[in-house]
Undergrad: 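Sharing a structure with you now.
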Amino acid sequence: MKFRYHFQKVVDLKSNEKTQAEWMLSTAIGKLQTEEEHLMQLINDRNNLMNIIQSAIENCASISSLQEMQRYVYHLDECISRKNSDVEHAQVNVQRNQSFLNGKVIDEKVWLGAKDKAKGRFQQEMLLREQNDLDEMATVRFAAKARAN
């Protein structure tokens with residue numbers, strides 16, 4: 001007789017939910033990495049522009065070109081500020097997805113543990129039945145030998 005777990009569909013569902021939670025976490029981490037890379041690019045652009053402004057000041061650039069570069073620095077500062085906010089939101093999303101995944105992992109472990117216990121009970125019952133069958137066969141043989149004598 002083969003072991004058949006009555007709640008196997010629940011176990012499968014919990015496993016699928018965990019897999020979906022892993023995908024969601026992976027997507028959130030990818031989004032966070034993209035946001036962080038974009039932020040670093042903006043910071044690098046700002047630093048490069050500040051170096052250009054410094055050298056333009058040393059080379060006696062016109063006031064209008066310096067003002068235009070300074071306006072671009074302000075624009076980059078605003079972009080950096082918004083991107084910092086995007087990074088924070090992405091970090092919160094990663095944490096939320098990590099917590100969600102942890103819950104799904106625990107659910108799956110609970111159901112797998114219940115399945116393992118049920119399988120252990122089933123195997124124990126099968127061994128007991130087998131032992132009872134062997135005992136009965138031995139009793140029948142003994143009785144048959146006793147009658148023959």
Side-chain angles (χ1 to χ4, degrees), residues 1-140:
M1 195 163 159
K2 186 178 174 188
F3 173 70
R4 185 176 165 280
Y5 188 54
H6 295 293
F7 296 107
Q8 184 60 45
K9 290 189 183 219
V10 175
V11 172
D12 294 342
L13 174 67
K14 295 300 178 182
S15 180
N16 287 340
E17 286 177 349
K18 184 190 81 164
T19 301
Q20 287 177 338
E22 288 171 341
W23 290 340
M24 289 169 51
L25 177 61
S26 177
T27 301
I29 289 172
K31 174 81 170 153
L32 174 61
Q33 289 173 340
T34 301
E35 296 293 351
E36 287 174 337
E37 288 170 6
H38 193 202
L39 175 62
M40 291 308 298
Q41 185 60 47
L42 287 170
I43 291 171
N44 287 337
D45 289 350
R46 186 186 187 285
N47 290 339
N48 290 339
L49 183 57
M50 293 304 290
N51 291 335
I52 291 170
I53 290 173
Q54 186 62 37
S55 72
I57 290 171
E58 291 170 1
N59 293 330
C60 299
S62 70
I63 296 290
S64 63
S65 66
L66 288 175
Q67 286 176 333
E68 189 171 325
M69 286 188 267
Q70 188 59 43
R71 279 193 296 273
Y72 190 58
V73 168
Y74 290 141
H75 171 72
L76 286 175
D77 286 341
E78 290 174 6
C79 290
I80 289 170
S81 177
R82 283 193 304 270
K83 193 50 66 178
N84 274 325
S85 176
D86 292 345
V87 167
E88 287 174 16
H89 290 306
Q91 288 171 337
V92 167
N93 194 29
V94 166
Q95 290 170 350
R96 188 174 338 145
N97 281 298
Q98 182 64 51
S99 296
F100 185 71
L101 174 59
N102 290 342
K104 294 302 175 184
V105 166
I106 290 169
D107 278 353
E108 182 187 40
K109 283 182 181 179
V110 166
W111 282 97
L112 287 174
K115 179 183 177 182
D116 289 343
K117 285 181 183 178
K119 186 174 185 177
R121 284 191 306 269
F122 173 80
Q123 289 172 338
Q124 200 64 21
E125 288 174 13
M126 291 306 295
L127 288 173
L128 185 60
R129 283 183 188 171
E130 186 178 317
Q131 187 61 47
N132 287 340
D133 288 346
L134 291 174
D135 289 348
E136 187 177 331
M137 287 173 28
T139 303
V140 169

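Keep in mind that this is a model prediction, so the values were computed, not measured.
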Undergrad: Does atom CZ (F3) have a neighbourhood of more than 12 heavy atoms from anything else shown, all under 6.0 Å?
TA: yes
Undergrad: Tell me, do L49 and M69 make a side-chain contact under 4.5 Å, heavy atoms counted?
TA: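 SC-SC contact between L49 and M69 confirmed.
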Undergrad: In plain terms, say whether D77 and R46 are close enough for a salt bridge, that is, a side-chain N and a carboxylate O under 4.0 Å apart.
TA: yes
Undergrad: Any luck finding a side-chain donor-acceptor pair between Q98 and N102 under 3.5 Å?
TA: yes
Undergrad: Give, for atom CG of L112 and atom OH of Y5, the distance between the pair rounded to the nearest 0.5 Å.
TA: 9.0 Å
Undergrad: Output the distance between atom CD1 (I43) and atom CG (N47), rounded to the nearest 0.5 Å.
TA: 7.5 Å
Undergrad: Have a look at M24 and tell me which of N93, T19, V94, N97 forms a side-chain contact (heavy atoms from CB on, under 4.5 Å) with it.
TA: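 The single option meeting the side-chain contact (heavy atoms from CB on, under 4.5 Å) with M24 is N97.
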Undergrad: So how far is it from Y72 OH to I53 CD1, rounded to the nearest 0.5 Å?
TA: 11.0 Å
Undergrad: Taking all atoms of both residues into account, what is the closest heavy-atom pair of L66 and A61, and its distance?
TA: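 Taking L66 first and A61 second, the nearest heavy atoms are CD1-O, 4.1 Å.
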Undergrad: Show me, pair by pair, the donor-acceptor contacts under 3.5 angstrom made by side chains of residues 116-135, not counting sequence neighbours?
TA:
unit_1: Q131; atom_1: NE2; unit_2: D135; atom_2: OD1; d: 3.0
unit_1: N132; atom_1: ND2; unit_2: L128; atom_2: O; d: 3.4

Undergrad: The test is salt bridge (charged side-chain N to carboxylate O under 4.0 Å, His left out); show your working for D86 and K83 and say whether it passes.
TA: CA-CA 5 Å; D86 292 345; K83 193 50 66 178; 3.5 Å; yes
Undergrad: With the side chain counted from C-beta on, respond yes when K109 and V105 share a heavy-atom pair under 4.5 Å apart, and no when they do not.
TA: yes
Undergrad: If you round to the nearest 0.5 Å, how far is CD1 of I52 from CG of N59?
TA: 12.0 Å
Undergrad: Pair Q20, N16 - check side chain to side chain donor-acceptor pair (under 3.5 Å), show working.
TA: CA-CA 6 Å; Q20 287 177 338; N16 287 340; over 6 Å; no
Undergrad: Which atom pair, heavy atoms only, marks the closest approach of L42 to I80?
TA: CB-CG1, 3.7 Å
Undergrad: Would you call Q91 and E36 a side-chain contact if the rule is heavy atoms closer than 4.5 Å?
TA: yes
Undergrad: Under 6.0 Å from the CD atom of Q70, do we count more than 12 heavy atoms belonging to anything else shown?
TA: yes
Undergrad: Hey, could you give me the CD/NZ distance between E108 and K115, rounded to the nearest 0.5 Å?
TA: 10.5 Å
Undergrad: If I compare all heavy atoms of K18 with all of K104, which pair ends up nearest, and what's the gap?
TA: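 The pair with the smallest heavy-atom distance is CA-CB, 3.8 Å.
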Undergrad: If you measure from CG on L25 to OG on S99, what distance do you get to the nearest 0.5 Å?
TA: 10.0 Å
Undergrad: Does any N or O in the side chain of S15 come within less than 3.5 Å of the main-chain N or O of V11, such that one atom is a donor and the other an acceptor?
TA: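 It does not hold such a pair.
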